[in-house]
Amino acid sequence: MKRRNRFLSAIVIGALAATLFAGIAHAGEDHIKVGGLFALTGWFDSYDVAGSKGFELALDQINAAGGIDGHEVEYVSYDTTSDLATATSLTIKLIEQDGVDVLVGMNDPNTDIACGTIAQEYGIPSLATVSTLPYTQERVGDTAFLVPYGDNVQASAMAEYAYNELGIRTVYVMTNNTDEFTLALSKFFQQHFVELGGTLLSEGDFGAEYDDNTNMDFSSIVNQILALGETPDAVFLGCFTDEGPIILKQLREAGIDCTCLSGDGLDDLSVAQIAGEASNNTYFSTHVNYADPSTDEFIAAYREKYNEDPQNAFAALAYDAAYLLKYAVENYANGDYSPASIRNAIAQVTDFEGLTGTISYADGNVPTKTVFINEFKDGESLNVTHVLPDMDAE
Amino acid sequence: MKKSTRFVDNSLFRFLVVVLLPVIILLLVHFVAGNYYESVFILFFINIILAASLNLTNGITGIFSLGQAGFMALGAYISSILTLSETMKNAMVTNMPEWLTKIQLPFWAAMIVAACITMIIAGLIGFAILRAKGHYLAVITLGMVIVIKSVLDNANNLTNGSRGLSGMSKHSTLLVTVIVALLSLFILYRFRTSAFGRSMIALRDDEDAAASLGINERSIRLMSFMVSAFFAAVGGCLWAHLQRTIAPSLFYFDKTFNILEMSVLGGMASLSGAIPGAAVLTFLPQFLANFSTGFTIFGINVPQINGLTNIVMSVLFIVMIIFRKQGVTGSSEYLVGSLFSRSTYTGLFRKQTYKDFAHAFRRKKVHDS
């Protein structure tokens, strides 16, 4: 018995040592290797699961059609579990062990900054598919690109639409003060709305957590709005999908049935399903119009592969990221697949036509592109218009 | 033979297992395996510090605290503000007091200052809350995590609010982390084996009996709470300078329970428990990440399993609680004790050690056949 134990432990130690040395990086091959950092579990999965699916779908299509420049694209991805520490070590793993040339996904703004900083040190370009932080480039460096527009763009677009089209003159702004994204969104909306000539009646903060669904009582905010004396033309919600429907319900129950406005944080079919009728008369900015015929092909392919409709715009954004990479490399990389060359190729992208609008990185790594405005109506998310805000005014 | 001839008591064996083997692994990790393994090992050593600091209160003194993430956050924030350069602070934080932007300390100084400030804050908090015991204390410390997070979220001109801070230099290298972890374990171990430590254990086992022997309950408990906060802050400081991005939401319930899991899994009642606990909670998620996106084994395709890590961890945890609820090490200080006891090293210079080692080895063989 004892001897066998020793034999077994020798095998175990041998196996451990083998795994330790097995995966040391082999970079410099003649095809592109993409590393995916998506949160498939944890609080961020409502955005990233769809994104991961969209990205894999696009890669399947690209490889079936002969790959990029005739070379098959290799894809390695890990679940970041919405945890920053896991995400950063996986970033190093993707770069060093798997030898990826470009990173995609990058989760929320904080994770994007942390992982993007590491990628920057290695000179590996990263394409963020969900983060909309406008000053990503200043915080990380020139290898960090966003596929979506920045929060300043979407908030301005929403302000213009609300003021010009919906005829809204007075707003109340409420903000989830626990996240970079919601704070930036509300700040830019206020700024632009007031510039246009609108009036900010008042504003309120709340601290709902993504991982803490118990704290979902927004009565203090509701009471603040009631105490204004007049009902504002609109309430702007700087919030996420988790608390969004609950806020809508509580507002409507208190008799505040004015227009509600929000950003792409509210973009999920689940919002309309949970809030039901309360979600009517709610407008939010998003990245794509799924009713447009140009997206039919994508939706059909998505449905065929996953047997469901894309839940939100992040599937289309990640899908665009894959084709953006193909476009950049085929047009600007001149057959050089080193990370530095890919970064320069992406930076040169002008007028890439994707599902989510036209992407150019001429004026920095955060594109200014068309903002789609959707409305919730009877449990569905319907596109009402699209706006290309005039950002030169800033 | 009067002397024990068991392998585990032999100095040579102890030296091989707790000193030589880890040193070889670390050298391999540093020189051969590459930055990924190095970053995971750095995280492992930081987790050891955090779990050991929690064991001091939860397992050894019997103050069941859930506040470790809060102290970790304080350590991370204070040290980051102190090490960031003036230009970085001005670029990120609006309206930071001018005297604070001007301060820039070296990493080691920032770590010690951050840990001391956190210890003082823990002293103030502990003075108020340590009257409570058991579940009540656990809930209060959990509340403390919420309070600390809310303060960090809203003190915009100090912490940049929920946007967090980024751009710290990478000071937490493997060497630095190993040195700090060894120092922390050494100090905690000496603390535990001192008269204070024995008082703590006495208090945990029977408060009234301990009090009757003249042990000042309140001061001992407060001291334990403060020392624990000190090392949690050290861990937080290292963590911040490893990840280089911090935000209040990163030091919340998830983090607190993560540290608690390490502590419970490894063995709450000993500092040694921090080592197996941190090992499982650090290496297992990294290892399982390879499989969660689907893999092929013996020609069979296993599809993508979302949340594989969560499933495996929770099953492991349940099995552990049912079959070995004292954790891997229980209250045995074998690992840390061997590492820091002089006999492990002096024993190497005695002939008897080698004779015993050979004898123990032979005896095993005899038993085998």
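Chain naming here is simple, since letters A, B, ... match the order of the sequence lines and numbering starts at 1 in each. On a predicted model such as this, the values are computed, not experimentally measured, just so you know.
Across all their heavy atoms, B:Tyr36 and A:Glu96 have their closest contact at N-OE1, 3.8 Å. Heavy atoms only, all atoms of each residue included: A:Arg139 and B:Gly164 are closest at NH2-O, 3.7 Å.
To the nearest 0.5 angstrom, B:Leu43 atom CG is 8.0 Å from A:Thr86 atom OG1. We find the NZ-CG distance between B:Lys255 and A:Leu84 to be 8.5 Å, quoted to the nearest 0.5 Å. Interatomic distance, CG of B:Asn35 versus CD of A:Gln97, reported as 10.0 Å (0.5 Å rounding).
Contact annotation for B:Ser39: only side-chain heavy atoms (C-beta onward) come within less than 4.5 Å of a heavy atom of chain A. Residue contact with chain A, scored on non-hydrogen atoms closer than 4.5 Å, is absent for B:Asn258. Using a 4.5 Å cut-off between heavy atoms, A:Leu183 touches chain B through its side chain atoms alone. Residue contact with chain B, scored on non-hydrogen atoms closer than 4.5 Å, is absent for A:Tyr75. With a threshold of 4.5 angstrom between heavy atoms, B:Met92 approaches chain A through side-chain atoms but not through N, CA, C or O.
At a heavy-atom separation below 4.5 angstrom, chain A is approached by B:Trp239, B:Gln243, B:Arg244, B:Thr245 within residues 238-246 of chain B.
No more than 12 heavy atoms of other residues, nucleotides or ligands shown are found within 6.0 angstrom of CD on A:Glu304.
For the salt bridge (Lys or Arg N to Asp or Glu O under 4.0 Å) test, no residue two or more places apart in sequence or in another chain qualifies with A:Glu138.
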